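Structure record follows, encoded as structure tokens.
If you're wondering where the values come from, they're calculated on a predicted model, not measured in any experiment. Note: hydrogens, waters and symmetry copies are ignored here, and every other heavy atom, side chains too, is used.
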Amino acid sequence: MVKVTPLKIEDYGLIGDGRSCALVGRNGSIDWLCWPRFDSPACFAALLGDGENGHWQLAPDEERGGAPITVTRSYRNHGMVLETVFETHTGVVAILDFMAIGAAEPTLIRIVEGRRGAVPILNWLVMRFDYGLSVPWVTRLPDNMGISAIAGPSRCVLRCPVALHGEDRHTVSRFIVSEGDQVPFVLTYMDSHGALSQPIDALAALHRTEQFWSDWIGRCTYQGEHAAMVRRSLLTLKALIYQPTGGIVAAPTTSLPEELGGGRNWDYRYCWLRDASLTLIAIMAGGYYDEAMAWRDWLQAAVAGSPDQVQIMYGIAGERLLNEWEAGWLPGYEASKPVRVGNAAAGQLQLDVYGEAIAALHVARQTRLCAITDGWRLQVGLLEHLATIWKEPDEGMWEVRGGRRQFTVSKISCWLAFDRAIRDVEKYGLEAPLEEWKALRQDIHDTVCREGFNADKNCFVQYFGGTGLDAGLLLIPVVGFLPADDPRVSGTIAAIERELLDEHGFVRRYLPDLVIEGVAGDEGAFIACSFWLVNAYVAQGRMEEAHALFNRLLALCSDLGLLAEEYDATTGRQVGNFPQAFSHLSLINSAAILNAGRITTMGAAPLPVL
């Protein structure tokens, strides 16, 4: 029996098809796959447990002399087809992993290619539906060229040209691959009650998929420094887009821990409004206006309705009920429990999302992603509601579970909402209570400067009356709340450098506080916040420090150019859900800012059209 335990987070590669993603380990094991959507139950969940929770190992057979000497991997033709090359004592083989673009049903394809000599291969498939809980009923296909695995509403069909047999509820094959051989394995998801789909030509699907990704990244217009890393981040974001709606998941995983062995484990397979304007800007920095328009349309549809029911996050199709529960049968990644499905933070009050939504629609208007008046009535409704609640305490941008407070960054985001709307009214002549909004904007600004600034520490603080810091305060000069040369801003950046940097100079969101957070434990440095410090350095004209920090952050990327949510300096490992859209969005944004050498008045990377 093959024993599989999860690898380091950065040892996984990402493949996707615009509906879902899979994580492929350096060892040839696919340990995470949710089908048919990003937020569907996983059928491979070994990432949060072990091999018995579902995985698919396809690699040289170590028990028959195939132990790898070296393993190298890369994305073919700079796209999203993952190639893992195993060198053994008897030869060299490559595994090509991809999710087929354009297939009628979700399809994952693995092709074993013989490159030199002859190598024994082991195929070990463990299907477990419902996040590793449900063992399917497995039968042979009528043509004896594969198997069908059914549990409840789900069916996965594996077709391959090698003989398969069962071993203790696992599907196994052992064979030899010689130089020039190509052995395809095609796994397709379908409804259990439907008819079997027709077989797919794996090599033709490989060609179509490679061509799709090649054509897509070939349209990238970003030509600045670090273009290769920007393109990889753009490809990662594209893979995280749910194509039918344009929604972008924060990550394709749930419950990868912020602290190894801890309980800070959350489900990120949803779309956060907090990412809204940054997403638009990052995608457009690469020249991808169709994706930006689809995201803007998703955003407007998601927040439509009663303004007092705006949520901080939604499902990939705009779903609002994201009930949180725990999969108690899963031991968690490296014993990090609980494993959570759904996210209760969807019901929190986070005032910052109003600023993000309005700022995103402002960016869309500025860049002509939509007609000037499109969505304006919706924005007015949001702002009318915000005018009645901006003084209330909330859970803050970091979704704390220790109770509501007057978080400073939340109030700054309220100011941002009115500021961007006022700019649109003044530029385009849109109908609005302009003087009322200006008065509100000034009131919020005065309140933040009076209540959110600690004179003894000479800096803005996490919440009114507190003394702790918050990395979100790095956004003050970026969004234009105060200029970078304001002494209060300089003092805040200096305080964050003193108190929130780890030993590598990366930024923590804040110092853990059980009373505030409501969750015990620690966490790593937050990668996106570290990119925010890069931007703050640029705003201050500290270009040498900005470039140095940016390069240190790039060094955190895996060999495939992927970033998780956080970095644990103690273990030297990536932690948190992976790959993380927020990290890659921030990388793109900081690269564009560094390339321009400035922060624009819109508080983001330079835009092609203003």
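Counting only heavy atoms from C-beta outward, the side chains of L108 and W35 approach each other to under 4.5 Å. In this structure, F44 and L187 have side chains that are in contact, with non-hydrogen atoms separated by less than 4.5 Å. At a threshold of 4.5 Å between non-hydrogen side-chain atoms, the residues D308 and I389 do not count as touching. Inter-residue side-chain proximity for L474 and L533 is flagged as met; some heavy-atom pair is nearer than 4.5 Å. With a 4.5 Å cut-off on side-chain heavy atoms, M190 and C156 do not count as touching. Put simply, the side chain of W532 does not reach to within 4.5 Å of the side chain of F526, judged on heavy atoms.
Of all non-hydrogen atoms in L330 and K337, the two that sit nearest each other are O-CE, 3.5 Å. For the pair L14 and A239, the tightest heavy-atom approach, listed with the atom from each and the gap, is CD2-CB, 4.0 Å. V249 and A581 make their closest contact through O-CB, 3.6 Å (heavy atoms, listed as atom of the first residue, atom of the second, distance). The minimum heavy-atom distance linking I9 with A564 is given by the pair CG2-CB, 4.3 Å. The two residues Y131 and W329 have their closest heavy-atom pair at O-NE1, 2.7 Å. Heavy atoms only, all atoms of each residue included: D17 and P106 are closest at OD2-CA, 4.3 Å.
Side chains of N535 and S590: a donor on one and an acceptor on the other come within 3.5 Å. Side-chain atoms of N123 and S173 include a donor-acceptor pair closer than 3.5 Å. Side-chain atoms of E399 and W272 form a donor-acceptor pair, as typed in the model, at a separation below 3.5 Å. Using modelled atom types, one finds no donor on one side chain facing an acceptor on the other under 3.5 Å when comparing N265 with S336. For the residue pair K411/Q406, the side-chain donor-acceptor check at 3.5 Å is satisfied. A side-chain donor from one of W216 and E291 sits under 3.5 Å from a side-chain acceptor of the other. Between the side chains of N27 and S29, no donor-acceptor pair of N or O atoms lies under 3.5 Å. Counting only N and O atoms by type, the side chains of S413 and Y354 include no donor and acceptor under 3.5 Å apart.
With values rounded to the nearest 0.5 angstrom, E105 atom CD is found 10.0 Å from R155 atom CZ. The OG atom of S192 sits 7.5 Å away from atom OH of Y189, with the distance rounded to the nearest 0.5 Å. One distance of note links CG of D352 with CZ of R274; it measures 4.5 Å at 0.5 Å rounding.
W266 places no side-chain N or O within 3.5 Å of a backbone atom of R340 that could act as its donor or acceptor partner. Put simply, the side chain of E259 gets close to the backbone of D522: a donor and an acceptor are under 3.5 Å apart.
For E523 and R508, the salt-bridge test fails: no basic side-chain N is under 4.0 Å from an acidic carboxylate O. Between R264 and E566, no side-chain nitrogen of the basic residue sits less than 4.0 Å from a carboxylate oxygen of the acidic one, so the salt-bridge criterion is not met.
For W32 and Y333, the gap between ring centers reaches or exceeds 6.0 Å. Ring centroid separation for the pair Y270 and F38 does not come in under the 6.0 Å cut-off.
Every residue two or more places apart in sequence or in another chain was checked for a salt bridge (Lys or Arg N to Asp or Glu O under 4.0 Å) with E356, and none qualifies. F185 is linked by a ring-ring contact (aromatic ring centres under 6.0 Å, His included) to F175, counting only residues two or more places apart in sequence or in another chain.
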